[in-house]
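A short worksheet on the structure shown next.
On a predicted model such as this, the values are computed, not experimentally measured, just so you know.
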Amino acid sequence: MSLFARFQASTPEEAARRRFAIWACAGLILFLPSWWLWGADLAAQILRPLAGLVMSLLGLTGRIDVSPQGDWSIGTRLTQAGQPFVYEMSATTLRRLLLGFPLVAAFMIAPPRTERPWRAAGVSIAVLSLMFALGVVAVVWGDVGPGLQPDAAAATAAQAVVGRFDQSAIPGVLVQIAVVGRYLALSIAPLLAAAMLWAMLNPAGFRTLVAEITE
């Protein structure tokens, strides 16, 4: 048996999965570096008004100032010693929240492809844009929330990072939700969103890849 024969797919479904994996990996190699270095910063600027709107609806002021390095200064409704507290979010954090875009692009170019690529692109951009705005809010509250919890020891540890707030404590369960939301936004949310969008917008391709697994 030749070396190439050992790696030949035994079924059409296995061959389809291998083609998908190869194309998706090639897409990630192509898209990720350029997105991280240039595309994400441009996308963050374009999505800043949407992020500000979502922030204003979820307990923040909605004001965002941008530094020359691309960092965001996000206005909150919290105060420290009577002065408004401004949350600083680095450009690196913003890039992490935007990783869903190159991931879903890599999935979409991999065969089997959707028959309606422009519709898929439009829906993906809309969903990922909203997820980015919600992710920014989740990161802010996930960082400042522990400084508002009623547990004195935990609050003291959090205040060493963000400082002491003038506002009264909030229920501990809300703090835990905020912390978990921050973790999800910065870890699995981009990959999960990309995979779910691809599966919903390319159902025929999804069925092809999982056909042998589910049988």
Side-chain angles (χ1 to χ4, degrees), residues 4-51 53-55 57-58 93-139 141-142 177-178 180-215:
F4 292 104
R6 293 182 181 180
F7 293 97
Q8 287 181 348
S10 57
T11 64
E13 291 80 9
E14 183 180 353
R17 286 195 291 273
R18 291 186 180 185
R19 283 194 301 271
F20 176 82
I22 292 172
W23 276 84
C25 289
L28 289 175
I29 293 173
L30 177 64
F31 296 144
L32 271 178
S34 57
W35 180 261
W36 186 267
L37 294 174
W38 303 291
D41 293 340
L42 177 60
Q45 292 303 312
I46 294 174
L47 295 176
R48 184 160 61 112
L50 173 62
L53 174 61
V54 173
M55 289 177 194
L57 298 174
L58 295 176
T93 299
L94 294 170
R95 296 185 190 116
R96 290 177 63 183
L97 293 172
L98 288 163
L99 281 177
F101 285 89
L103 290 174
V104 78
F107 290 165
M108 289 298 180
I109 67 169
R113 302 179 182 91
T114 178
E115 297 179 355
R116 305 176 66 180
W118 294 111
R119 172 180 173 272
V123 172
S124 298
I125 291 173
V127 172
L128 292 175
S129 297
L130 180 59
M131 285 194 61
F132 166 73
L134 293 172
V136 172
V137 175
V139 171
W141 281 116
I177 291 174
V180 172
R182 178 189 183 280
Y183 169 77
L184 294 176
L186 291 174
S187 57
I188 65 172
L191 177 58
L192 185 62
M196 292 183 64
L197 279 169
W198 174 80
M200 290 186 294
L201 296 172
N202 189 8
F206 177 74
R207 287 193 298 270
T208 299
L209 293 185
V210 302
E212 189 180 67
I213 299 175
T214 56
E215 288 178 357

Which of these, I125, V123, L130, sits in a side-chain contact (heavy atoms from CB on, under 4.5 Å) with V127?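 Checked I125, V123, L130 against V127; only one passes side-chain contact (heavy atoms from CB on, under 4.5 Å): V123.
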Going from [atom1] on [X] to [atom2] on [Y], what distance comes out if it is rounded to the nearest 0.5 angstrom?
X: S124; Y: M200; atom1: OG; atom2: CE; value: 8.5 Å
X: L192; Y: M131; atom1: CG; atom2: CE; value: 7.5 Å
X: R48; Y: L94; atom1: CZ; atom2: CG; value: 11.0 Å
X: L103; Y: L128; atom1: CG; atom2: CG; value: 9.0 Å
X: I109; Y: F20; atom1: CD1; atom2: CZ; value: 10.0 Å
X: L42; Y: L98; atom1: CG; atom2: CG; value: 10.5 Å

What are the two closest heavy atoms between [X] and [Y], and how far apart are they?
X: T114; Y: A120; answer: CG2-CB, 4.0 Å
X: P102; Y: L32; answer: CG-CD2, 3.7 Å
X: A24; Y: A106; answer: O-CB, 3.6 Å
X: L47; Y: S129; answer: CD2-OG, 3.4 Å
X: F107; Y: A194; answer: CD1-O, 3.7 Å
X: A51; Y: F132; answer: CB-CE2, 4.4 Å

Test item: L134 and L58 side chains (from C-beta on) under 4.5 Å apart, heavy atoms: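 In short, these two side chains touch, coming nearer than 4.5 Å.
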For the aromatic rings, using the six-membered ring if either is Trp, is the centroid distance between F31 and W36 under 6.0 Å?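 Ring centroids of F31 and W36 are no less than 6.0 Å from each other.
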Using side chain to side chain donor-acceptor pair (under 3.5 Å) as the criterion, list what pairs up with R95, not counting sequence neighbours.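 If we apply the side chain to side chain donor-acceptor pair (under 3.5 Å) test to R95, skipping adjacent residues, the hits are D41.
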Side-chain donor-acceptor contacts of residues 182-190 below 3.5 Å, not counting sequence neighbours, with atom names and distances?
residue	atom	partner	partner atom	Å
R182	NE	D143	OD1	2.7
S187	OG	Y183	O	2.4

More than 12 heavy atoms of other residues, nucleotides or ligands under 6.0 Å from CZ of R113: is that the case?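 Yes, because the 6.0 Å sphere around CZ of R113 holds more than 12 heavy atoms from other groups.
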Donor-acceptor contact present, side-chain N202 to main-chain P112, <3.5 Å: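 Such a contact is found between N202 side chain and P112 backbone.
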Students often mix this up, so state it plainly: with edges at 30° and 60°, are the rings of W198 and F206 parallel, tilted or perpendicular?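 Plane angle over 60°, so perpendicular.
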